[in-house]
Every structure is written in structure tokens, then in C-alpha cells.
Amino acid sequence: MREYDYIRLDQPDDPEWNVVGELFTLMYSRMDEIGLSLPLCNDGTEKWLKTARNTSGKYGLVILVKYYGKAVGFAHGMVKFLPDYLGGFAVGAITHVYVDDDTRRSGVGKAMIRQLEDWFLTKKVHSIELQVITGNHEAKEFWNSLGYKKELLQYRKTWD
Amino acid sequence: MESEIRKQMMEFVHDKLQRLSIRESELGDGFDLVKSGLLNSLEFVELVASIERIHHHEIDFEEELETGELTTVGGLIRAFKIKK
């Protein structure tokens, strides 16, 4: 039976952050392929890593998954808050989830999300939200299976 | 303490201010960093986290949020001053 290691990154100085950065870059390469119209900028990974590290612990959490030492996926969640006209509640935001091709459909994604959900519960968030690229049908199935309901559609018009 | 937090805040929003042609002097105590659209709520949380780390001091985010002033320049400074 395959054994996966789930590593919680809740400290900014954890050496594993660099590995997460590599997965983050891979994730955006894939998102380009399935229709994301906003490409990752040159130093995008470093910028995101800075945010994720700085908020890790109290306001954010990354779960990194390794399989025999090789990083195969990660998930990132952060606490945010709604505007005051919507109640100003704290809500959980799942900002990124990535599992490499060889590891998909192994239960790793669900296990990461369950860990994030448990963490969000401790933060007493009103609900958990996330965005999915319209062309990512696999992801839609995934979130449905975990009890998430479709709520909004995001539209974008570009000038090219 | 107050000036340090203000300076940190300005450093955090510096690039955005430049892009939007807003002068630092326009960010008075009543300026709301989120309602103005300068920061989204994730970025604001990041700003709070970075101030907490530098000053080794955590605020009760939920409680402060309920004051309705936390996202203003003056409100954020007060949150750190009062609890210090």
C-alpha cells in the first residue's frame, strides 16, 4: 500500500517551502494548458511564496504531500474576510491545490482538503470558498464529491 | 511603534500606490485599505501577519475586525497600540 507523508507548513522558515514553490510553478503550467488567461508572471512563484510564508500559521496553511521523499502535491488555504456589507465574516479560501499526474485519483487531494477543512474549523470560518478554471472538468467533479456547491461564474474580457 | 507600523504599511502598499498614482500623504488615518480597493482581503491579512511577525505581537483579528475600523490606516495602528 502506498504511503504518503502529509507535511503541514505553518512556519515561514520551513525548508520545504522551496519544494512547494516548484510545485506551484508546475501547477500554473498546467493551468495555462486548460485555459487560464492570466499567466504567472516572471517572479510570480517567489511573490506567492512570500505571501504564503508570511501568513503561514495563524492565517494560512500549506499541506505538502511527499511520496517516498518526492513532492507530489500541495494545497494552500488562507483565512480572509467578507466585505462588511456581506456580514464581514471570516471565510476560508482554498487558493491552490495541485497533485501531479501520477498521483491523481489516489485520494491525496481529498486527504489534503480534509486537513485544510479541519484547520479552517479551528479558525471558526463561516464557510470555505475557492475558484476553479472553467475548463478543468476533473476539478469540478472533485469539488462536487467533497460537498462544495457551484456558486459564481467569473467572466473576463481581454483586448486581444 | 506607530510610525514603524505606518512605515511598514506604506512599504507594503508602495508598488500599488505607484501604479495607481496615489501619494502616501493621501493615506490618512481614515483611509480604508480594503474598501478603497487598494488591498483585497487576502492582501490585508498578509499585511497584518507581516506586522505581527516583525513586532512579535499578535492581535485578536476577529475581535478587531468587529470594530469596523481594522482595515483603516488608523484602525490598524490602533489595534497594535492598544493591545501592546
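Letters A, B, ... are given to chains in the order of the sequence lines, protein chains preceding strands, and every chain is numbered from 1. It should be emphasised that the depicted structure is a prediction, and the values quoted were computed from it without experimental measurement.
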Around A/N42, counting heavy atoms of other residues, nucleotides and ligands shown, do more than 12 lie under 6.0 Å from its CG?
->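 Atom CG in A/N42 is not packed in, count stays at 12 or less.
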Taking atom NZ of A/K124 and atom CD of B/E62, what is their separation to the nearest 0.5 Å?
->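 CD of B/E62 is found 9.0 Å from NZ of A/K124.
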Portion of A/N54 that has a non-hydrogen atom of chain B nearer than 4.5 angstrom =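 For A/N54, heavy atoms of backbone and side chain both lie under 4.5 Å from chain B.
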Please work out whether the ring planes of A/F81 and B/F61 are parallel, tilted or perpendicular, with thresholds of 30° and 60°.
->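 The arrangement is tilted - the two ring planes meet at 30° to 60°.
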Partners meeting salt bridge (Lys or Arg N to Asp or Glu O under 4.0 Å) with A/K110 (sequence neighbours left out) |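 Testing A/K110 for salt bridge (Lys or Arg N to Asp or Glu O under 4.0 Å), a comparison that skips the adjacent residues, returns none.
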hydrophobic_cluster_shared for [Y] and [X], side chain cutoff 4.5 Å:
| X | Y | value |
| --- | --- | --- |
| A/Y98 | A/L9 | yes |
| A/M27 | A/I94 | no |
| A/F120 | A/V97 | yes |
| A/L121 | A/V125 | no |
| A/F89 | B/L65 | no |

Residues of residues 37-52 of chain B with any heavy atom under 4.5 Å of a heavy atom in chain A |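 Residues B/S41, B/L42, B/F44, B/V45, B/E46, B/V48, B/A49, B/E52 are the ones that qualify, each having a heavy atom under 4.5 Å from chain A.
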Anything in residues 4-14 of chain B with a heavy-atom distance to chain A below 4.5 Å? Please list those residues in order.
->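 Residues in range: none.
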Which heavy-atom pair separates B/R53 from A/S56 by the least distance, and what is that distance?
->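 Nearest heavy atoms, B/R53 then A/S56: NH2-O, 2.6 Å.
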Residue pairs, two or more places apart or on separate chains, that pass side-chain hydrogen bond (donor to acceptor under 3.5 Å, both in side chains) and touch residues 11-20 of chain A |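 Qualifying pairs, neighbours excluded: A/E16-A/K66.
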